[in-house]
Structure formats: structure tokens, C-alpha cells
Q: 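Following this message is one structure expressed as C-alpha cells.
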Amino acid sequence: MLGQRMEEELREQPTLLQQNWAFYDDFAAQSLRGKEFQLVLLVARGSSDNAALYARYLIEIYLGIPVVLAAPSVLTRYDKKIRYPKNTLAIGISQSGAAPDVSEVMGYIRESGHTTFAITNTPKSTITDLAEFSLLLNLKKEVAVAATKTYSASLLALYAVCRGLKADLECPHLPDDLWVQQCGTRARVDSTRLPDCENLFTLARGIRFCSAEESALKLMECALLPCLSYSQADFEHGPKALASDKSAAIVYGQPPAHWKNEGFHYSQAPERAGVAEAIQPIWDAIYAQWLALVVARQRGLDPDKPEGLLKVTKTL
């Protein structure tokens with residue numbers, strides 16, 4: 001069956017997240033105990049970059065620490081050195097631990113005397129050699145090219161990091177097997193218009209903006225559907241001009257009331273009542289993965305082996 005490994009790994013997520021949460025939380029608390037930072041630098045690529053976007057909102061909202069996302073090419077391509085403030089925390093996120101640009105930035109930051117914290121699923125990888133602290137996701141090897149369990153686990157690990165930095169965040173309410181089933185059913189309904197639309201958007205605001213970004217990435221890499229991701233605010237500032245009755249949008253969060261009169265089709269991603277906004281992107285991830293998988297199958301594509309993509313992408 002097309003995408004069989006992706007579906008298997010998608011379905012593993014509730015069990016793996018539940019099994020690993022206590023370890024993530026304890027490791028982050030012990031590693032970061034007593035430390036205070038003036039700046040957090042996030043270093044990532046691909047799906048990990050979307051996880052970093054999630055962390056940016058969490059850290060700035062719940063800790064008030066300014067956060068920047070690194071542009072690795074400043075160092076790797078332009079050979080420019082950045083003077084980061086004293087007491088900077090660099091968090092490198094790489095599922096494989098082998099991303100050369102992420103590793104090079106992490107190495108430079110550590111040599112500059114700052115704290116480095118890696119999140120990866122691969123022990124004894126380049127990033128674990130370079131980082132002072134390495135939180136291992138403890139997942140079985142992810143085989144499908146599209147990130148599923150490594151993405152949601154990275155989100156959960158970053159949530160733990162925020163708690164380790166003394167953010168006032170409760171123990172997370174995590175997805176269960178029933179949610180996986182519900183998302184699969186919902187994705188089959190929401191997918192019907194997507195393959196034939198002229199313009200496809202994924203939209204969100206705030207903490208859930210990472211869900212829009214990750215959903216767009218999944219639809220492009222798995223289903224080969226061009227998809228534009230925007231915050232709802234930025235969408236209103238121009239891109240909405242592309243929206244028509246031949247367009248479709250997947251919205252994470254509450255759509256504005258006036259969209260009902262805009263003439264384009266949109267679907268609101270499912271939500272579980274009682275789940276705090278700060279943890280909602282982990283629940284969103286399962287729906288986004290199902291949506292991409294369902295549309296890929298509709299188009300006769302195998303997301304386990306997408307043409308032109310590799311599991312480990314190495315860029316500088």
C-alpha cells in the first residue's frame with residue numbers, strides 16, 4: 001500500500017509520546033537547572049525548522065526571552081561571525097543529527113562560550129558531539145522520508161525545554177489512538193477539494209502557525225501539491241487576492257467571521273476540547289500528516305519514497 005511506512009509511523013505517535021514525556025521533562029529540567037539566558041537561538045532545517053517556530057512562540061510567550069531563528073548560511077556561506085549576547089542558549093534540532101549547517105552553527109556557538117542543547121533522534125551523531133547537552137528522542141528509526149513521529153516528538157521535547165527554563169506550563173495532555181482515528185477520518189473528508197484547486201493555502205496564527213507551515217511542507221513533499229502557508233494576518237495583507245471559488249485553505253484555529261463572504265473554500269482543522277493552545281500543535285501534527293498521506297494516495301504517489309527527496313538532506 002502506498003505510504004504504508006508513513007502510516008505505521010504516524011500511528012505510533014500516541015504511544016511514543018506518552019512513553020517518552022517523563023524522560024524529556026526530566027532531562028530538560030536537569031540540564032537547564034539554575035541557568036538564565038538573555039537570548040535563545042534556534043538552529044534547524046525542514047520540519048525541524050517548523051518545530052523551532054513552535055519553540056519561538058512558547059519561549060517568548062511563557063518566558064519573555066527574545067528568540068531568533070538562525071540563518072546558517074551567514075556562517076557557512078558568508079563566513080561571518082555573529083556576536084551573540086552573553087548567556088545565549090542555542091537549541092539545535094536535527095532528526096538525523098547529521099545536518100552540516102545546523103552542526104556548524106552549533107559548533108561555533110559552543111566555541112563562543114554559550115550553552116548548546118541538541119534535540120535529535122540519532123545518538124552519536126555530529127550534533128550530539130558538538131552540543132553540551134543532547135536530548136535523544138528515543139524513537140525507533142524513522143523510515144518514511146516524511147517526518148512524522150520525529151516531528152511531534154521534537155515539539156514535545158521543546159515543550160519540555162520550556163518547562164526546564166521555568167515556563168509556567170502544565171504537564172501536557174497528549175494525543176491518543178482515538179485522535180489518530182478521528183484525524184484520519186477527517187482528513188478523508190477535507191482532502192476531496194484539494195487535488196483540483198488552483199490555489200491551496202494553510203493558515204494559522206500564533207503558537208499554531210508552525211502547524212500551517214508543517215502542513216504545507218507535508219502537502220508539497222508527500223502529495224506534490226503546491227501550497228502556500230501564511231499567518232492569517234499576513235494572508236489578509238495581500239495573498240488573499242489569490243483566493244477564489246477555485247481555491248482551498250486549511251485553517252488551524254478560528255477563521256475570521258468575514259471569510260464566510262469571501263467566496264473561497266476553507267476547512268478548519270479539528271481540535272480536541274480541553275487541549276491547551278500551547279500543546280495544540282502536537283495534536284495538529286497528526287491531522288496534517290494524515291491529510292498529506294490521504295491526498296498522496298489519491299494521486300497515486302508513495303510518500304515513503306518521494307521522487308527527488310532523501311531522508312537525510314545535507315545543505316550548507
Q: So if you build clusters from Ile, Leu, Val, Met, Phe, Trp, Tyr with side-chain heavy-atom gaps below 4.5 Å, do Leu224 and Met220 land together?
A: no
Q: Does this structure show an ion pair linking Glu8 with Arg11, if we count only N-O contacts that are shorter than 4.0 Å?
A: no
Q: Go through the steps for Arg272 and Asp284 under the test salt bridge (charged side-chain N to carboxylate O under 4.0 Å, His left out), then give the verdict.
A: CA-CA 10 Å; Arg272 173 67 66 84; Asp284 291 340; over 6 Å; no
Q: Between the side chains of Tyr84 and Ser112, is a donor N or O closer than 3.5 angstrom to an acceptor N or O?
A: no
Q: Counting heavy atoms not belonging to Arg186, are there more than 12 under 6.0 Å from its CZ?
A: yes
Q: Tell me whether Ile119 is reachable from Leu58 by hopping between hydrophobic residues (I, L, V, M, F, W, Y) whose side-chain heavy atoms are closer than 4.5 Å.
A: yes
Q: Does a donor on one side chain and an acceptor on the other come within less than 3.5 Å for Thr148 and Gln289?
A: no
Q: Using the side chain to side chain contact (heavy atoms under 4.5 Å, CB included) rule, pick out the option among Glu7, Met6, Glu9 that qualifies with Asp304.
A: Met6
Q: Got a salt bridge between Arg208 and Glu271, using NZ or NE/NH1/NH2 to carboxylate O under 4.0 Å?
A: yes
Q: Looking just at side-chain N and O atoms, do Thr150 and Glu142 make a donor-acceptor pair shorter than 3.5 Å?
A: yes
Q: Is the closest side-chain donor-acceptor distance between Ser152 and Gln13 under 3.5 Å?
A: yes
Q: Is there a donor in the side chain of Asp190 and an acceptor in the side chain of Tyr287, or the other way round, less than 3.5 Å apart?
A: yes
Q: Take the angle between the ring planes of Tyr230 and Phe201 and call it parallel below 30°, perpendicular above 60°, tilted in between.
A: tilted
Q: So does Arg110 pair up with Asp129, basic N to acidic O under 4.0 Å?
A: no
Q: Among side-chain atoms of Thr120 and Gln95, is any donor-acceptor pair under 3.5 angstrom?
A: no
Q: Would a hydrophobic clustering, with Ile, Leu, Val, Met, Phe, Trp and Tyr connected at side-chain separations under 4.5 Å, put Leu17 with Tyr159?
A: yes
Q: Do the ring planes of Phe117 and Phe27 sit parallel (below 30°), tilted (30 to 60°) or perpendicular (above 60°)?
A: perpendicular
Q: Return yes if a side-chain donor-acceptor contact under 3.5 Å exists between Gln38 and Thr88, otherwise no.
A: no
Q: Applying the 4.5 Å side-chain criterion to the ILVMFWY set and letting contacts propagate, would Leu200 and Leu228 be lumped into a single cluster?
A: no
Q: Check this for me: Lys81, atom NZ, are more than 12 non-hydrogen atoms of other residues, nucleotides or ligands nearer than 6.0 Å?
A: yes
Q: Does the structure place the NZ or CZ of Arg188 under 6.0 Å from the centre of the six-membered ring of Trp290, at an angle of no more than 45° from the ring's axis?
A: yes
Q: Could you work out, with salt bridge (Lys or Arg N to Asp or Glu O under 4.0 Å) as the rule, every residue matching Asp26, not counting sequence neighbours?
A: none
Q: Please check if Leu169 and Tyr57 belong to a single hydrophobic cluster, counting links between Ile, Leu, Val, Met, Phe, Trp and Tyr side chain heavy atoms closer than 4.5 Å.
A: yes
